[in-house]
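Structure record follows, encoded as structure tokens.
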Number of protein chains: 2
Amino acid sequence: MGLSIGQVAERTGLSVHALRFYEREGLLADPVRRESNGRRVYTEDDVDWLDMCIKFRSSGMPLDTIRKYTDLVRQGPGNEQDRLALLRSHQDYVSAQIQELNECLNVITHKVDIYTESLDEGTADCLWVAPGPTDTSAAS
Amino acid sequence: MGLSIGQVAERTGLSVHALRFYEREGLLADPVRRESNGRRVYTEDDVDWLDMCIKFRSSGMPLDTIRKYTDLVRQGPGNEQDRLALLRSHQDYVSAQIQELNECLNVITHKVDIYTESLDEGTADCLWVAPGPTDTSAAS
DNA sequence: CCGGCGCCTGGACCCACCTCTAGGTCGTGG
DNA sequence: CCACGACCTAGAGGTGGGTCCAGGCGCCGG
């Protein structure tokens with residue numbers, strides 16, 4: 001049931017270094033148990049928590065905010081509104097990000113299409129393309 | 001028709017510093033014209049190009065890659081396949097990002113829902129929630 | 001008994017991406 | 001005439017998020 005840091009690294013995809021780093025940074029609810037020799041022993045719950053942290057991170061939550069959330073959880077019941085607020089705020093952030101990325105994707109796809117067409121038709125000229133929908137102008 | 005760096009900053013949302021920085025980094029197709037006194041004069045096309053760079057950046061394209069793209073464009077016609085490859089690759093990258101963000105959003109939304117329910121029902125207990133769909137366990 | 005692995009710590013380092021500073025030039029308005 | 005604000009340059013500094021290294025321990029197989 002106890003996992004070594006190496007095993008956790010393998011499961012989570014985080015490096016051993018990063019795992020220690022995250023711990024130092026206070027991102028783990030409990031500071032990880034140790035064997036008598038000082039080696040870390042992780043539980044499955046630790047791994048679950050880390051997976052969540054990874055989701056947070058990969059959706060752009062700064063370590064600092066993860067730490068705040070962790071602190072709230074560590075404090076135990078009673079601050080659920082705070083946790084919820086934090087989560088909701090991140091939820092909004094992620095939604096906004098997705099929207100922005102979709103816009104970017106549109107622009108890029110538009111450009112890809114133009115290049116593709118031009119190449120298909122051999123008219124590899126006039127590839128100065130603006131991001132606008134009605135293109136008459138400059139710069140691509 | 002000519003815009004000062006300050007005006008461009010305002011339009012693009014980039015800082016004056018960032019605009020100079022981008023120029024130094026070779027992200028502008030042409031190295032920006034100058035007035036006799038050395039001040040930069042931007043055209044509308046420059047702004048369009050910058051807007052595109054911003055789209056690239058905000059979708060995670062590193063400056064380095066933007067520079068490569070810029071170089072290709074600067075070289076003129078003949079390398080459209082290369083440009084297209086670069087764009088397609090970024091397109092894939094952005095799509096992947098969107099997918100990942102959607103997964104993250106699901107997880108977060110799931111947690112938000114759980115907290116919301118619990119708070120609604122006053123059962124502000126047992127909020128140890130795992131990211132999995134069938135939650136029986138630990139850590140949130 | 002030795003080599004090698006996996007782990008430990010603290011701190012130095014790195015990278016991308018800006019941002020800010022110092023020190024200076026114009027040009028305009030009061 | 002002088003202050004002010006916008007601009008210029010080169011280069012230093014800062015931030016976030018790790019990565020890596022030196023130096024060391026404990027255990028295991030050969």
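Chain letters run A, B, ... following the sequence lines, proteins first and then strands; every chain starts at 1. Keep in mind that the numbers below use all heavy atoms, side chains included, and drop hydrogens, waters and symmetry copies.
- Applying the salt bridge (Lys or Arg N to Asp or Glu O under 4.0 Å) rule to A/Arg24 yields no partners; only residues at least two apart in sequence or on another chain are considered.
- When the P atom of C/dC17 is taken as reference, atom CG of B/Leu19 falls 16 Å away, rounded to whole Å.
- The aromatic rings of B/Trp49 and B/Tyr69 lie parallel to each other, with less than 30° between the two planes, well short of the 60° mark.
- Taking atom CZ on A/Phe21 and atom C1' on C/dC8, their separation rounds to 18 Å, with Å as the unit.
- Look at CG on B/Asp64: it is 8 Å from P on C/dC17, rounded to the nearest Å.
- Residues forming a ring-ring contact (aromatic ring centres under 6.0 Å, His included) with B/Phe21 (at least two apart in sequence, or on another chain): none.
- Among residue pairs with one or both ends in residues 5-18 of chain A, those qualifying as salt bridge (Lys or Arg N to Asp or Glu O under 4.0 Å) are A/Arg11-A/Glu44; sequence neighbours excluded.
- Phosphate proximity of D/dG18 to A/Tyr22: present, with a side-chain N or O under 4.0 Å from OP1 or OP2.
- Residue B/Asp71 is tested with B/Arg67, B/Arg74, B/Lys68 for a salt bridge (charged side-chain N to carboxylate O under 4.0 Å, His left out); the sole match is B/Arg74.
- Rounded to whole Å, the distance from CG on A/Leu3 to P on C/dG6 is 16 Å.
- The one candidate from B/Val112, B/Leu119, B/Ile114 that meets the side chain to side chain contact (heavy atoms under 4.5 Å, CB included) condition with B/Thr116 is B/Val112.
- With hydrogens and angles ignored, the 3.5 Å screen pairs no side-chain donor or acceptor of A/Gln91 with any backbone N or O of A/Ser89.
- To the nearest angstrom, P of C/dC18 lies 16 Å from CD of B/Glu23.
- Residues from residues 91-100 of chain B that place a heavy atom under 4.0 Å from any atom of DNA chain D: there are none.
- At the phosphate of D/dA6, neither OP1 nor OP2 sits under 4.0 Å from any side-chain N or O atom of B/Ser4.
- Protein atom CD of A/Glu35 is 15 Å distant from nucleotide atom P of C/dG6, rounded to whole Å.
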Fill in the blank from the handout: Expected string for nucleotides 8-16 of chain D under the B/S/- scheme (protein heavy atoms, under 4.0 Å, primed atoms plus P, OP1, OP2 as sugar-phosphate) is SB-B-----
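- By the side chain to side chain contact (heavy atoms under 4.5 Å, CB included) test, A/Gln7 pairs with A/Leu3, A/Ser4, sequence neighbours left out.
- With rounding to whole Å, A/Ile54 atom CD1 is found 10 Å from D/dG18 atom P.
- Between A/Arg34 and A/Glu23 there is a salt bridge, since at least one side-chain N of the basic residue sits less than 4.0 Å from a carboxylate O of the acidic one.
- Residue-to-nucleotide proximity on DNA chain D shows that, of B/Gln7 and A/His17, the 5′-proximal contact is made by B/Gln7.
- Put simply, CE on B/Met61 is 11 Å from P on C/dC17, counting in whole angstrom units.
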